[in-house]
Amino acid sequence: MSTAISTYSKSDYINFIVLMVLGFLVIPMTVNSDYWFTSILIPWLCLALATIGQQVIMGYTGQLALGAAGFMAAGAFACFNLILRVDGLPFFGALIISGLIAAAIGIVFGLPSLRIRGIYLMVATLASQFFIIWVIDKFGWFKNYDSSGIITAQDIVIFGRPYTTPVDMYLVILVVVTVMTILAINMARGSTGRNWMAVRDMDVAAESMGVSLLKTKLQAFAISSFFCGVAGALFAFTYLKSLEPVAFDIKLSFKILFMCILGGLGTINGAFIGAGFILLFPVLLNYLGNNVFHGAIDATIISAMEQVVFGVLMIVFMIYEPLGMARLWENTKQRLFKKKNK
Amino acid sequence: MSTIEERKFKIGDPILEVNNISLSFGGVNAITDTSFNVLEHEVRAIIGPNGAGKSSMLNCINGIYKPQKGSIAFKGDTLSKITPNIIAQMGISRTFQNLALFKRMSAIDNILVGRKLHSKANFLDVALQLPKARREEKVNLKKCEEIVEFLEIEKIKDTPVGKLPYGLQKRVELGRALATEASLLLLDEPMAGMNVEEKREMCRFILEVNEEYGTTMVLIEHDMGVVMDISDRVVVLDYGKIIGDGPPEEVRTNQNVIDAYLGVSHGE
């Protein structure tokens, strides 16, 4: 919504520095429960990264694609195999190549977008979800012929030092997510993002201005899948600590879709807000159930409540604030700021 | 008004030639065996009653429609089987009848999209903010700020265009077309739905662009007063056929044209 010009204001830099200090110094020093790292911060960052991928294709380029989890699976298994089979390949190298592999697959599954749009495209991209999982299941090579079906992910080793404690893994993810978020913001605010949004808002006009629909759509699919692929590899190596195709089922794709919509289509910060909300909300409900109602409410009811509330929220946001929580946040900030000025 | 004054860019040779094109949708003929040309640096108007095939004509030139018969040549190159984005690369830009702006983007962003063909940085340059991308963005932004200033829309440049009133949206769309620095501009009813004041301003912008940069213009317009004022030559279409072609004064006195506008039935 805001002007997409790749110049950054002073407040952008201040926000950035505050977030960096918070992420790299304050959180590792103050949070001393492993639970927070392994169950909240790590999955939050991984899923936020995947949600950025979903934002690129859906929020910015306007292509209704569903199947982020499929590309996450592709990235995860690519990373596993690269580390397994290529000697001396550094972790970050494997991560980048995994992303590139996911991107290549993304281009192939993005091809239907040149012919079909809207809900039909969603159905077509759904194929990617099932196809990727099927291929991984079908061919034992991807799982290194492991009969148990669940493979333990290798330890993350960077420059000979293993990163296995929750805080270490959190920091590794934070570095990757920070870099990739900056890249995403640069693209979204620059000419690349303008081309995406032009295709989203009015494709005929975009084409008449010299924007190639073919190139722009496939580029968006590739970048989106790259983000999902890297997120998937991180998700498997740090959160799941194992690789199993079922972990990347359609439910995860939907979850990412919800994070994208609730956070706010066409926003990068919305990816973080949406992912945070969807991850933390069940935690909050459980907490309320245990500590406020002291177990008076059955656990199954609480988990059912979760679904109901998500459903209602989706509808409410679709109707009243299609731009999601990121917009609410902006509005609140503006209001507070205005009051201060008075 | 333009014929008496000394023009910086003298009207030259044909830049666009439409030769015997026919276009039909199913069984309906939108354009039938039509030919006309556009001279370099001139303001050429296409007029005609509703459904005469004026917008279809622009859509053919712009590559959105493919005529079944005939050919269109721009600067000597025949345009056939090519897409709007290739036409854009050849130096033809346009505005649309029913506004085709990028609604959720700000006015300046809309205009910046018009700079697409002047942007060489790829997505990696942009993602990494390499000097190439930064330099280019700066140049493009400066160019667009100039257009914003020229069109007097500084106040609304950061507003999402979907929220702007109609007249301003039309201006932003003209700005986007100008940003391409195309040598031929196709304007589809740039003044439709405007009041007298807005029309006068739009006319001024169009003439200034033509005089300042020598941009060739093809415009569709319904307001005969406006057409007579700003165009060098006029093509009159009716039922997909040309019924008049020439300078405004000549077209105005053409009996076929008068009949078409007064609704005299054909064949009388």
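Remember, it's a predicted structure, so these values are computed and weren't measured experimentally. Just so it is clear: chains get the letters A, B, ... in the order the sequence lines come, proteins before strands, and each one is counted from 1.
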Would you indicate whether [X], at its atom [atom1], is surrounded by more than 12 heavy atoms from other residues, nucleotides or ligands within a distance under 6.0 Å?
X         : atom1 : result
Met318(A) : CE    : no
Tyr213(B) : OH    : no
Phe92(A)  : CZ    : yes
Lys66(B)  : NZ    : yes
Phe25(B)  : CZ    : yes

For the residue pair [X] and [Y], establish whether any side-chain heavy-atom pair is separated by less than 4.5 Å.
X         : Y         : answer
Leu183(A) : Leu128(B) : yes
Met202(A) : Leu101(B) : no
Ser208(A) : Ile64(B)  : yes
Arg176(B) : Met209(A) : yes

To the nearest 0.5 angstrom, please state how far the [atom1] atom of [X] sits from the [atom2] atom of [Y].
X         : Y         : atom1 : atom2 : value
Asn186(A) : Arg134(B) : CG    : CZ    : 8.0 Å
Trp196(A) : Met105(B) : CH2   : CE    : 12.0 Å
Phe102(B) : Asp201(A) : CZ    : CG    : 7.5 Å
Arg189(A) : Asp109(B) : CZ    : CG    : 11.0 Å

Item to check | Under 4.5 Å from any heavy atom of chain B - which part of Ala206(A) | outcome: both
Checklist entry - What part of Phe96(B) lies closer than 4.5 angstrom to a heavy atom of chain A: side chain, backbone, both or neither? => result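 When you check distances to chain A, only side chain atoms of Phe96(B) fall under 4.5 Å.
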Checklist entry - What part of Leu99(B) lies closer than 4.5 angstrom to a heavy atom of chain A: side chain, backbone, both or neither? => result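 When you check distances to chain A, only backbone atoms of Leu99(B) fall under 4.5 Å.
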Checklist entry - Which heavy atom in Val211(A) sits nearest to a heavy atom in Asn85(B), and how many Å separate them? => result O-CB, 3.8 Å
Checklist outcome for this item: In short, Val126(B) meets Ser191(A) closest at the heavy-atom pair CG2-OG, 3.5 Å
Checklist entry - What are the residues of residues 214-231 of chain A, in order of number, with any heavy atom under 4.5 angstrom from a heavy atom of chain B? => result Gln219(A), Ile223(A)
Next on the checklist: Run the side chain to side chain contact (heavy atoms under 4.5 Å, CB included) test against Phe16(A) and tell me which residues pass, sequence neighbours left out.
Outcome noted: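 Counting only residues at least two positions away or on another chain, Phe16(A) forms a side chain to side chain contact (heavy atoms under 4.5 Å, CB included) with Met20(A), Thr178(A), Ile182(A).
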Item to check | Top contributor to chain A contacts, counting heavy-atom pairs under 4.5 Å, from Pro84(B), Ser93(B), Gly162(B) | outcome: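 Looking at each of Pro84(B), Ser93(B), Gly162(B) in turn, Pro84(B) comes out on top.
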Next on the checklist: The test is salt bridge (charged side-chain N to carboxylate O under 4.0 Å, His left out); show your working for Arg194(A) and Glu137(B) and say whether it passes.
Outcome noted: CA-CA 12 Å; Arg194(A) 284 197 299 268; Glu137(B) 188 81 357; 2.9 Å; yes
